[in-house]
**Student:** 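Sharing a structure, written as structure tokens. Questions coming.
Note that this is a predicted model, so its numbers are computed, not measured.
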Amino acid sequence: MNKPIKNIILGLAVILFFADCQKVSALPNVGFEWFNLSTNQIWITDVTGLPPEASPGRLMPSHAEDQLESSESVFSETVKVKNQIKVQWKDNGKQGWPGGLKNGELIPSLGTTHEAEFNRDELGIPAKLKNGKVRFTYLGNDKWRVKFFPQ
């Protein structure tokens, strides 16, 4: 095969490859990322206003919002977010939950229950989230920082 035809074929292959990449990036990509910057382990026991799969469960303390220390749920579909988002969690002090949940438990029986509510509009999160990431960061002392990162 001569060189001009090879170049044309190679050029078409590159164009098709990048066109296919654009289709993939058009798919929904929604993430819910969780960090715990407090000194205690916490256990997220319930999240309302988001899909149940967005709840991270147990969150270990971390020193920074580092990807290696996050818990994240990713959805490849549009996610509906209600007007009010409520996070409930348990804090069992410095000892946390050695060994995790006890046999038969879905939520730890030990610990003090806390909750925080957020308004979706105030956070700038659309009602139907197609692309983007919502980052929940527990700061300790019942304080949360919630940020929306559109994509």
Side-chain angles (χ1 to χ4, degrees), residues 12-151:
L12 287 173
V14 168
I15 290 170
L16 289 173
F17 172 77
F18 284 110
D20 205 36
C21 286
Q22 275 189 316
K23 286 180 191 174
V24 170
S25 67
L27 294 175
N29 184 19
V30 178
F32 295 97
E33 189 174 53
W34 300 80
F35 292 96
N36 175 8
L37 299 184
S38 78
T39 57
N40 297 349
Q41 295 176 28
I42 63 170
W43 204 295
I44 306 299
T45 56
D46 191 30
V47 178
T48 55
L50 302 176
E53 299 85 8
S55 180
R58 186 180 196 174
L59 287 176
M60 304 301 279
S62 61
H63 298 291
E65 292 172 324
D66 181 353
Q67 297 296 328
L68 296 176
E69 296 180 355
S70 74
S71 177
E72 185 173 8
S73 301
V74 178
F75 298 81
S76 57
E77 61 191 24
T78 301
V79 173
K80 292 181 182 178
V81 180
K82 294 186 178 171
N83 287 332
Q84 291 299 113
I85 301 167
K86 188 187 324 182
V87 178
Q88 292 180 323
W89 72 98
K90 284 197 171 189
D91 187 330
N92 200 32
K94 295 270 187 212
Q95 71 271 10
W97 292 271
L101 292 171
K102 295 191 178 12
N103 224 357
E105 284 184 328
L106 297 176
I107 296 173
S109 56
L110 300 174
T112 305
T113 301
H114 303 265
E115 71 178 40
E117 269 190 70
F118 309 98
N119 182 290
R120 184 196 73 231
D121 290 335
E122 290 175 6
L123 298 172
I125 301 171
K128 289 186 178 180
L129 188 53
K130 183 175 180 179
N131 285 300
K133 182 180 290 190
V134 180
R135 178 180 293 168
F136 292 86
T137 305
Y138 183 61
L139 304 171
N141 296 321
D142 292 346
K143 295 194 182 353
W144 288 84
R145 179 175 57 224
V146 182
K147 289 186 179 180
F148 172 58
F149 300 94
Q151 292 177 341

**Student:** At what distance, to the nearest 0.5 angstrom, does CG of Asn36 lie from CG of Leu139?
**Tutor:**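 Nearest 0.5 Å value for the CG-CG distance: 9.5 Å.
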**Student:** Please give me the minimum heavy-atom distance between Val30 and Leu129, naming the atom from each residue.
**Tutor:**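 Between these two residues, the closest heavy atoms are CG2-O, 3.2 Å.
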**Student:** What's the spacing between Phe149 CZ and Glu33 CD if we round to 0.5 Å?
**Tutor:**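 Reported value, rounded in 0.5 Å steps: 7.5 Å.
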**Student:** With rounding to the nearest 0.5 Å, note down the distance linking CD1 in Ile42 to OG1 in Thr112.
**Tutor:**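 Ile42 atom CD1 to Thr112 atom OG1 measures 12.5 Å (nearest 0.5 Å).
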**Student:** Using 0.5 Å steps for rounding, measure from the OH atom of Tyr138 to the NZ atom of Lys143.
**Tutor:**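 Going from the OH atom of Tyr138 to the NZ atom of Lys143 covers 9.0 Å.
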**Student:** Kindly determine whether Trp89 and Asp142 satisfy side-chain contact (heavy atoms from CB on, under 4.5 Å), including the steps that lead there.
**Tutor:** CA-CA 10 Å; Trp89 72 98; Asp142 292 346; 3.5 Å; yes
**Student:** Answer yes if the ring centres of Trp43 and Trp97 are under 6.0 angstrom apart, and no otherwise.
**Tutor:**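 Between Trp97 and Trp43, which both carry aromatic rings, the centre distance is below 6.0 Å.
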**Student:** Side chains of Val146 and Val134: does their closest heavy-atom pair fall under 4.5 Å?
**Tutor:**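 Yes, at least one pair of side-chain atoms sits under 4.5 Å.
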**Student:** Say you draw a straight line from NZ of Lys102 to CG of Leu110; how long is it, rounded to the nearest 0.5 Å?
**Tutor:**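 Rounded to the nearest 0.5 Å, the NZ-CG separation comes to 5.0 Å.
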**Student:** Looking at every heavy atom in both Lys80 and Pro51, which two are closest together, and how far apart are they?
**Tutor:**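 Minimum heavy-atom separation between Lys80 and Pro51: O-CD, 4.4 Å.
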**Student:** Among all residues two or more places apart in sequence or in another chain, which pass the ring pair (Phe, Tyr, Trp, His ring centres under 6.0 Å) test with Phe35?
**Tutor:**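 Testing Phe35 for ring pair (Phe, Tyr, Trp, His ring centres under 6.0 Å), a comparison that skips the adjacent residues, returns none.
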**Student:** If you compare all heavy atoms of Thr39 against all heavy atoms of Pro61, which two are closest, and at what distance to 0.1 Å?
**Tutor:**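 Heavy atoms of Thr39 and Pro61 come nearest at O-CG, 3.6 Å.
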**Student:** Evaluate the criterion side-chain contact (heavy atoms from CB on, under 4.5 Å) for residue pair Leu27 and Ser76; output intermediate values, then yes/no.
**Tutor:** CA-CA 7 Å; Leu27 294 175; Ser76 57; 6.0 Å; no
**Student:** Please confirm whether the backbone N or O of Asp46 pairs with a side-chain atom of Ser55, one donor and one acceptor, at under 3.5 Å?
**Tutor:**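 Judged by distance alone, no pair lies under 3.5 Å.
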**Student:** Using a 4.5 Å cut-off on heavy atoms from C-beta on, say whether the side chain of Pro52 contacts that of Val47.
**Tutor:**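 No, side chains not in contact.
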**Student:** Could you tell me whether Arg145 and Glu65 have a side-chain N and a carboxylate O separated by less than 4.0 Å?
**Tutor:**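 Looking at Glu65 together with Arg145, the answer is yes, because their closest N to O distance falls below 4.0 Å.
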**Student:** Within the 4.5 Å heavy-atom criterion, are Arg58 and Gln41 side-chain neighbours or not?
**Tutor:**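 Heavy-atom side-chain distance check passes, below 4.5 Å.
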**Student:** For Asn92 versus Gly96, what's the shortest heavy-atom pair and its separation?
**Tutor:**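 Nearest pair, atom of Asn92 first, then Gly96: ND2-O, 2.8 Å.
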**Student:** Go through the steps to decide whether Asn119 and Gln84 satisfy the test side chain to side chain donor-acceptor pair (under 3.5 Å), and finish with yes or no.
**Tutor:** CA-CA 5 Å; Asn119 182 290; Gln84 291 299 113; 3.2 Å; yes
**Student:** Closest approach of Gln151 and Asn131, non-hydrogen atoms and distance?
**Tutor:**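 Closest approach of Gln151 to Asn131, heavy atoms only: O-CB, 3.8 Å.
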**Student:** Could you check whether the rings of Trp144 and Trp34 sit parallel, tilted or perpendicular, using 30° and 60° as the cut-offs?
**Tutor:**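 Ring orientation of Trp144 relative to Trp34: perpendicular.
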**Student:** With a 4.5 Å heavy-atom cut-off, do Ile44 and Phe136 have their side chains touching?
**Tutor:**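 The answer is no; the side chains never approach within 4.5 Å.
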**Student:** Could you check whether atom CG of Asn141 has more than 12 heavy atoms from other residues, nucleotides or ligands sitting under 6.0 Å from it?
**Tutor:**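 Not more than 12 within 6.0 Å, no.
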**Student:** After noting the C-alpha distance and the side-chain angles of Phe148 and Leu123, does the key distance pass the side-chain contact (heavy atoms from CB on, under 4.5 Å) rule?
**Tutor:** CA-CA 7 Å; Phe148 172 58; Leu123 298 172; 5.6 Å; no
**Student:** Compare every heavy atom of Ser38 with every heavy atom of Gly140, then report the nearest pair and how far apart it is.
**Tutor:**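 Closest approach of Gly140 to Ser38: CA-CB, 3.7 Å.
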**Student:** Evaluate the side chain to side chain donor-acceptor pair (under 3.5 Å) criterion for residues Asp91 and Asn40: first the C-alpha distance (whole Å), next the side-chain angles of each, then the deciding distance (0.1 Å), finally the verdict.
**Tutor:** CA-CA 7 Å; Asp91 187 330; Asn40 297 349; 3.1 Å; yes
**Student:** The test is side-chain contact (heavy atoms from CB on, under 4.5 Å); show your working for Lys130 and Lys128 and say whether it passes.
**Tutor:** CA-CA 6 Å; Lys130 183 175 180 179; Lys128 289 186 178 180; over 6 Å; no
**Student:** With rounding to the nearest 0.5 Å, note down the distance linking NZ in Lys86 to OG1 in Thr48.
**Tutor:**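 Reported to 0.5 Å precision, the distance equals 5.5 Å.
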**Student:** Starting from the C-alpha separation in whole Å, work towards a yes-or-no answer on salt bridge (Lys or Arg N to Asp or Glu O under 4.0 Å) for Arg135 and Glu72.
**Tutor:** CA-CA 9 Å; Arg135 178 180 293 168; Glu72 185 173 8; over 6 Å; no
**Student:** With a 4.5 Å cut-off on side-chain heavy atoms, are Phe75 and Glu53 touching?
**Tutor:**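 Yes, at least one pair of side-chain atoms sits under 4.5 Å.
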**Student:** Do the side chains of Asn29 and Val74 get nearer than 4.5 Å, heavy atoms only?
**Tutor:**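 Side chain of Val74 against side chain of Asn29, heavy atoms only: contact under 4.5 Å found.
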